Number of protein chains: 2
Amino acid sequence: MTTIADIARMAGVAKSTVSRYLNGGSIGDATKLKIERVINETGYVPNTFAQSLKAKKTSIVGTVVPRLDSFASARTLIGIDEQLREAGCQMVISNTSQDEEREIESLYSFARQKVAGIILLATKITDQHLEAFEKIEIPIILVGQQHQDVYSIIHQDYEAAKAMGKHVLEKGHRKIAYLGVTPKDISVGIQRRDGFKDAVSGMEECEVKYYQTGFGMGEALEQATRIIEDFQPSIIVCATDNIALGACKAAFIKGLDIPKDLSVTGFGGYEVTEYIHPSLTTVKYEFKNAGKIAAQKMLKLIEGEQIEKITYTNFELISRGSVDSFIKHEL
Amino acid sequence: MTTIADIARMAGVAKSTVSRYLNGGSIGDATKLKIERVINETGYVPNTFAQSLKAKKTSIVGTVVPRLDSFASARTLIGIDEQLREAGCQMVISNTSQDEEREIESLYSFARQKVAGIILLATKITDQHLEAFEKIEIPIILVGQQHQDVYSIIHQDYEAAKAMGKHVLEKGHRKIAYLGVTPKDISVGIQRRDGFKDAVSGMEECEVKYYQTGFGMGEALEQATRIIEDFQPSIIVCATDNIALGACKAAFIKGLDIPKDLSVTGFGGYEVTEYIHPSLTTVKYEFKNAGKIAAQKMLKLIEGEQIEKITYTNFELISRGSVDSFIKHEL
DNA sequence: CTTAAGAAAGGAACCGGTTCCAAAAAGGCG
DNA sequence: CGCCTTTTTGGAACCGGTTCCTTTCTTAAG
């Protein structure tokens, strides 16, 4: 491995001169050329460790994700990665497998590695998180979750769910099951449920029941089966697309036709929702864009610039075949 | 930030003694205790850069993936991550967005960062790859693709496709469309096609046509539509689950019933294939396990141990509702 | 009680960069 | 041409560890 000392010797100059050449200090044209030649010949690349050791920081942005095998995470990561790459930064991913402790550990671990910033795709923010945020003194941005004390990029869960609620009512549904997730997850568990609740609450002669399940399709399938048996709604509004897929499967197994016998909606806009049959009515989130924005904001934070506390990303309600329209029938 | 010098001063010993304490040299019980106390008090953690600078290597394993938003990649990464974490290693992911050049770049970039090893989830191995492998002098393991000169963990694509071919014949299909991908992808494009071909080639009075598409569901949908119109097969055998999802959608759009009017099979065993209706007959690969194995082998390579050139992972043909059985009809 | 061997601790060099400061060279102006 | 300013360059210290070598202190054997 060639070092800066080798280059200096070969070019007949001092180490400091080479360093200046590399980092843009003042150099005479003659020496510049000499060094240039030697570097090109040897293919010299500075040692990152030595640089970081001296600089006490890196141009790495750490990203903490609860799971890798999720459409939302993957798309967000892609957005972050693209943006950081453009800025010459590296992204390092830490997967926590939905283990809260590991989430905290990852924060400290990133801090030890002197990352320039941390982007956190958390599901909830505990006191431990806040403590870590304080201690590590590194810029932090939350994606998909919100907290008053932390910068965050969030999807408009409340508004999207409200739009979904309105949409469902417009389609004429009056016996509705809402299949959500744990309220520990602020965005998915609470915001979406509340948005939906507020949309349907004004409607008279409308029966809405709220249920809860996990994030997996298997559990959603079981829960939906029970809902169909016990409540017989005309529609199941699901808090995520995966849950909706489980609900669809439950309907198929029960021999129900979607949307004639039962309508289903999702949340997220996963690619696959377009390709199942019937296509799923869902809310499409801008995961990749959220990642991009997060990365952009992070770069600003690293530069010491001010940014807004909260940035919202857009959503789009995509109406597709999985929802029956009673209104149409009445025409 | 506390450094080893601080600890040494506070404990009243020399830097080297603290270093020895940390790395397990010979130390007296009294000094050991003193150092221990100070370190616990300060929460001191050694600076990774300084360590790596001296050691000229890291305990990081780089992983290069063509895309993050793929079930196969994600599961493999999870397997790698889990295994490495157990061994106290870190995994760093480099996403190439299916850009071949960036794949090569990533290799060199990892080399510069002195990673201990590189796990490559490539789709094809070019001369540029081989050149990079040679130059960087870092252990490399391929996952999902095979090359005579490189260690690899591979799925039994040929055998799996052969099993699928037999299965399809057993079900009584005799007018078969095989929808594959580019032969540039050895595993998916060639191995699967050839395995299937060899399985069906012996069968008389059996018409098989081979088609090609991209990895996306959208393109698969288009291709499958054309196949249905032009060839009217009783089954479309697809080289991946995503392609199968596109094919299913094409059938639905055409108003064909799956499996009565058209059967469809996939490859991969993505979770969603179980939850669509009808469930998709597919080959389930052990992606996560492949990742685990890759990580284990990598750890061995790093330790300087010998490993086998090629390791095969298992597959399982899962017969589900998307394939009609003509044999049954004849009973 | 002496001596040799082994354990424990300290000191200094080194890893490969960056940066500060001083010295040398170049340029500008009267 | 000499003096002052500015630009280039070199030298040395430093970042925070590890490691080699040396010294000192124990301890066991003779």
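It should be emphasised that the depicted structure is a prediction, and the values quoted were computed from it without experimental measurement. Each chain gets a letter, A, B and so on, in the order its sequence line appears, and its residues count up from 1.
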Item to check | Pairing residues for A/Thr31 by the side-chain hydrogen bond (donor to acceptor under 3.5 Å, both in side chains) criterion, not counting sequence neighbours | outcome: none
Item to check | Test salt bridge (Lys or Arg N to Asp or Glu O under 4.0 Å) applied to B/Glu41 - qualifying residues, sequence neighbours left out | outcome: B/Arg37
Checklist entry - Can you list the steps and then say if B/Tyr21 with B/Lys32 is a side chain to side chain contact (heavy atoms under 4.5 Å, CB included)? => result CA-CA 7 Å; B/Tyr21 164 84; B/Lys32 190 182 230 163; 3.8 Å; yes
Checklist entry - Which residue pairs pass the salt bridge (charged side-chain N to carboxylate O under 4.0 Å, His left out) test with at least one member in residues 82-103 of chain A, sequence neighbours excluded? => result A/Asp81-A/Arg85, A/Glu82-A/Lys288, A/Glu82-A/Lys292, A/Glu100-A/Lys124
Item to check | Interface residues of residues 29-49 of chain A with DNA chain D (non-hydrogen, below 4.0 angstrom) | outcome: A/Thr31
Item to check | Residue-level proximity of residues 2-27 of chain A to DNA chain D when a heavy atom falls under 4.0 Å | outcome: A/Gly12, A/Val13, A/Ala14, A/Ser16, A/Thr17, A/Arg20, A/Ser26, A/Ile27
Next on the checklist: Measuring from atom OG of A/Ser52 to atom CD of B/Gln113, what distance do you get when rounded to the nearest 0.5 angstrom?
Outcome noted: 9.5 Å
Item to check | Counterpart residues, salt bridge (Lys or Arg N to Asp or Glu O under 4.0 Å), relative to B/Asp69 (two or more places apart) | outcome: A/Arg75, B/Arg67
Checklist entry - Mind checking what makes ring-ring contact (aromatic ring centres under 6.0 Å, His included) contact with A/Phe71, not counting sequence neighbours? => result A/Tyr270
Item to check | Interface limits on DNA chain C, where chain B has a heavy atom under 4.0 Å of a nucleotide atom | outcome: C/dA8 to C/dG16
Checklist entry - Residues in side-chain hydrogen bond (donor to acceptor under 3.5 Å, both in side chains) with A/Thr58, at least two apart? => result none
Checklist entry - Is it true that the side chains of B/Asp157 and B/Tyr285 contain a donor and an acceptor less than 3.5 Å apart? => result yes
Item to check | Distance-only side-chain donor-acceptor flag, A/Gln145 / A/Ser187, under 3.5 Å | outcome: yes
Checklist entry - What is the bend of the helix from C/dC1-D/dG30 to C/dG30-D/dC1 when you compare the axis at one end with the axis at the other, using five pairs each and rounding to 10°? => result 50°
Next on the checklist: Once side-chain hydrogen bond (donor to acceptor under 3.5 Å, both in side chains) is applied, do any residues pair with B/Thr313, and if so which ones, sequence neighbours excluded?
Outcome noted: B/His155
Checklist entry - Of all residues at least two apart in sequence or in a different chain, which pass the side-chain hydrogen bond (donor to acceptor under 3.5 Å, both in side chains) check with B/Glu305? => result none
